[in-house]
Amino acid sequence: MARLAQTAGLTDIQREILSTVRDFVDKEIIPVATGLEHRDEYPQQIVDGLKELGLFGLMIPEEYGGLGESLLTYALCVEEIARGWMSVSGIINTHFIVAYMLKQHGTQEQKEYFLPRMAAGEVRGAFSMSEPALGSDVSAITSKAAKDGDDYVLNGQKMWLTNGGTSTLVAVLVKSDEGHPEGTAPHKSMTTFLVEKEPGFGEVRPGLTIPGKIDKMGYKGVDTTELIMDGLRIPANRVLGGTTGRGFYQMMDGVEVGRVNVAARGCGVAQRAFELGVSYAQQRHTFGKQIAQHQAIQFKLAEMATKVEAAHAMMVNAARKKDSGERNDLEAGMAKYLASEYCKEVVEDAFRIHGGYGFSKEYEIERLYREAPMLLIGEGTAEIQKMIIGRRLLEEYRLQG
């Protein structure tokens, strides 16, 4: 085995893309990631490099200027990028969720208008579902859209918006009562709006404010923000798909892609943690020999490597299921749940192998130790994943008669 997490059955093009991305990660991301992260600095040079590689158009169809690659290719690229620095994978993740939602649900005019510029990296996407008081309960959304002539007027506050400052297009989920009378199920009265804006902070278009970056424990560099709508006027042709009331289903379809992405990020961070742990274990000596020669450390390395392999296999399976056109909420939920939990455990074991030095900011594992917890809650907590998994299992194994 050359290294962990190899993927069987890839095409020559997929292998070439992954090799290019891995080289970029080794040369352009890993050497600078920790310094940028400690300064909470947006990695503009890295993003420009990803743009030159064409990664912003990886999954966008060729007819719109993209590479037309599969979710599997995208997930494997994310795995490589997260291995270098998880924040960079976050920058492209929300972009791709919006591009995917446009590809699957947008009108022809919306596809032709947005996708070519998204493929070129000229338009950067973000999506906004969460709000300050709702957590995982999407049905509790209070942001609203009211019809006013040919436009809609949006009001409300959104939370945890990745790329909130740097994005120029945000897919925003709000309640829309038009055509959905009182008593309509909450998920049937939600609409996704495509909101264009200027990059930056403050009032980025009339009625839309991005207050500033949220200060976080980890996952730094990438901007995470609130989004405040106060009389934000949006034309009707910016309703995703052209019809109100479909926003919940559109967002959930995008979130399935996002969960595969989070699983891939967990795999990448875990791989890097294993690399750091196995390397340090061969450099550090105690009691007259490498600590890698102590059975206790070998047991840790064995457990870490097995978890990396298992998480990678489940992530690949979930991506391939989605690519096949089949329903994959069960597989995506399992992959996201396992990969994020295993990532946390592998990172902690690598931290323990480093001993006291793991607590020092001079060592890369300190950064990973602060980044891993975000994966436990991003795109749905472990509890939400287990609820999805449990419900789907009961559908599949329902007793007859």
Side-chain angles (χ1 to χ4, degrees), residues 37 40 42 78 82 85-98 100-101 124-144 154-175 190 192-195 197 199-202 204 208-230 232 247-248 250-263 265-266 269 336-337 340 343-344 370-385 388:
E37 198 270 350
D40 197 8
Y42 187 78
V78 166
W85 184 16
M86 191 180 74
S87 292
V88 178
S89 65
I91 291 170
I92 63 172
N93 176 42
T94 52
H95 176 85
F96 267 106
I97 290 177
V98 177
Y100 174 82
M101 289 167 63
R124 302 279 175 78
F127 83 111
S128 181
M129 225 175 16
S130 187
E131 294 184 0
L134 67 84
S136 298
D137 183 8
V138 180
S139 67
I141 279 178
T142 59
S143 298
K144 290 186 177 180
L154 278 58
N155 289 283
Q157 183 179 4
K158 310 297 283 186
M159 191 70 176
W160 306 120
L161 181 65
T162 301
N163 291 334
T166 48
S167 60
T168 54
L169 173 65
V170 186
V172 182
L173 184 67
V174 300
K175 283 190 174 179
M190 296 184 188
T192 303
F193 285 88
L194 301 169
V195 178
K197 70 175 189 66
F201 301 100
V204 291
L208 180 64
T209 300
I210 306 292
K213 294 200 301 184
I214 297 169
D215 195 17
K216 307 176 298 255
M217 174 178 76
Y219 197 41
K220 294 178 179 287
V222 60
D223 45 295
T224 305
T225 73
E226 298 174 72
L227 180 148
I228 299 171
M229 301 172 289
D230 184 10
L232 173 62
F248 178 82
Q250 294 163 346
M251 280 280 179
M252 289 305 103
D253 191 20
V255 165
E256 282 186 14
V257 173
R259 284 179 179 147
V260 173
N261 170 283
V262 172
R265 286 198 239 179
V269 173
K336 191 274 173 187
Y337 168 57
S340 58
C343 174
K344 177 202 69 169
R370 288 183 290 103
E371 289 178 339
M374 197 284 290
L375 299 173
L376 299 172
I377 55 176
E379 311 296 3
T381 63
E383 289 73 23
I384 289 293
Q385 306 311 317
I388 293 168

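Excluded from the calculations below are hydrogen atoms, water molecules and symmetry mates; all remaining heavy atoms, backbone and side chain alike, are included.
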Q.
What's the separation between atom CG in L208 and atom CG in L154, rounded to the nearest 0.5 Å?
A. 9.5 Å
Q.
Using a 6.0 Å cut-off, check whether atom NZ of K213 has over 12 heavy atoms from anything other than its own residue.
A. yes
Q) Which atom names give the shortest non-hydrogen contact between G200 and I210, and what distance separates them? A) O-CB, 4.0 Å
Q) Is there a donor-acceptor contact under 3.5 Å from the side chain of K344 to the main chain of S340? A) no
(Q) Evaluate F127 against T192 for side chain to side chain contact (heavy atoms under 4.5 Å, CB included), listing each step before the verdict. (A) CA-CA 10 Å; F127 83 111; T192 303; over 6 Å; no
(Q) So does V255 get a backbone contact from the side chain of E379, meaning a donor-acceptor N/O pair under 3.5 Å? (A) no
Q. Nearest 0.5 Å, what's the NZ-CD1 distance between K158 and I228?
A. 12.5 Å
**Q.** Verdict with reasoning, H95 to L169, per side chain to side chain contact (heavy atoms under 4.5 Å, CB included)
**A.** CA-CA 9 Å; H95 176 85; L169 173 65; over 6 Å; no
(Q) Minimum heavy-atom separation for W160 and S130, please, with both atom names. (A) CD1-OG, 3.7 Å
Q | CG-OG1 distance between D215 and T224, expressed to the nearest 0.5 angstrom | A | 10.5 Å
**Q.** Option passing side chain to side chain contact (heavy atoms under 4.5 Å, CB included) with T166 (candidates T168, T162, N163)
**A.** N163
Q: Supply the atom-to-atom distance S128 OG to F193 CZ, rounded to the nearest 0.5 angstrom.
A: 13.0 Å
Q. So, does K336 use its side chain to make a donor-acceptor pair with the main chain of G258 at under 3.5 Å?
A. no
**Q.** Flag, side chain of K197 to backbone of S167, donor-acceptor distance under 3.5 Å
**A.** yes
Q) Under 4.5 Å between any side-chain heavy atoms of K144 and M229, yes or no? A) no
Q | Close side-chain approach of K216 to M374, heavy-atom, < 4.5 Å | A | no
Q. Above 12 or not: heavy atoms from other molecules or residues under 6.0 Å from CG of D230?
A. no
(Q) Quick check: closest heavy atoms across S143 and Q157, and the distance to 0.1 Å? (A) OG-N, 3.6 Å
Q: Quick one: closest heavy-atom pair of M129 and M252, and the distance?
A: SD-CE, 3.6 Å
Q: Measure the spacing between CD1 of I377 and CD of E383 and express it to the nearest 0.5 Å.
A: 11.0 Å
Q. Can you tell if the side chain of Y337 reaches within under 4.5 Å of the side chain of I388, non-hydrogen atoms only?
A. no
Q: Let me see the working for V262 and Q385 under side chain to side chain contact (heavy atoms under 4.5 Å, CB included), right down to the final yes or no.
A: CA-CA 12 Å; V262 172; Q385 306 311 317; over 6 Å; no
Q) Taking side chain as C-beta onward, heavy atoms only, is W85 less than 4.5 Å from E371? A) yes
Q.
Any non-hydrogen side-chain atom of N93 less than 4.5 Å from a side-chain atom of I97?
A. yes
Q: Write down the atom of E131, the atom of I141, and the distance for their closest heavy-atom approach.
A: OE2-CG2, 3.3 Å
Q.
Are M101 and D253 packed together at the side-chain level, in the sense that at least one heavy-atom pair is separated by less than 4.5 angstrom?
A. no
(Q) Within the structure provided, determine whether Q250 and L173 are in side-chain contact (heavy-atom separation under 4.5 Å). (A) no
Q.
Is it the case that the side chain of D223 and the backbone of G164 share a donor-acceptor pair, with hydrogens and angles ignored and the cut-off at 3.5 Å?
A. yes
Q: Kindly give the heavy-atom pair with the smallest separation between A126 and L161, and that separation in Å.
A: CB-CD1, 4.1 Å
(Q) Any non-hydrogen side-chain atom of V138 less than 4.5 Å from a side-chain atom of F248? (A) yes
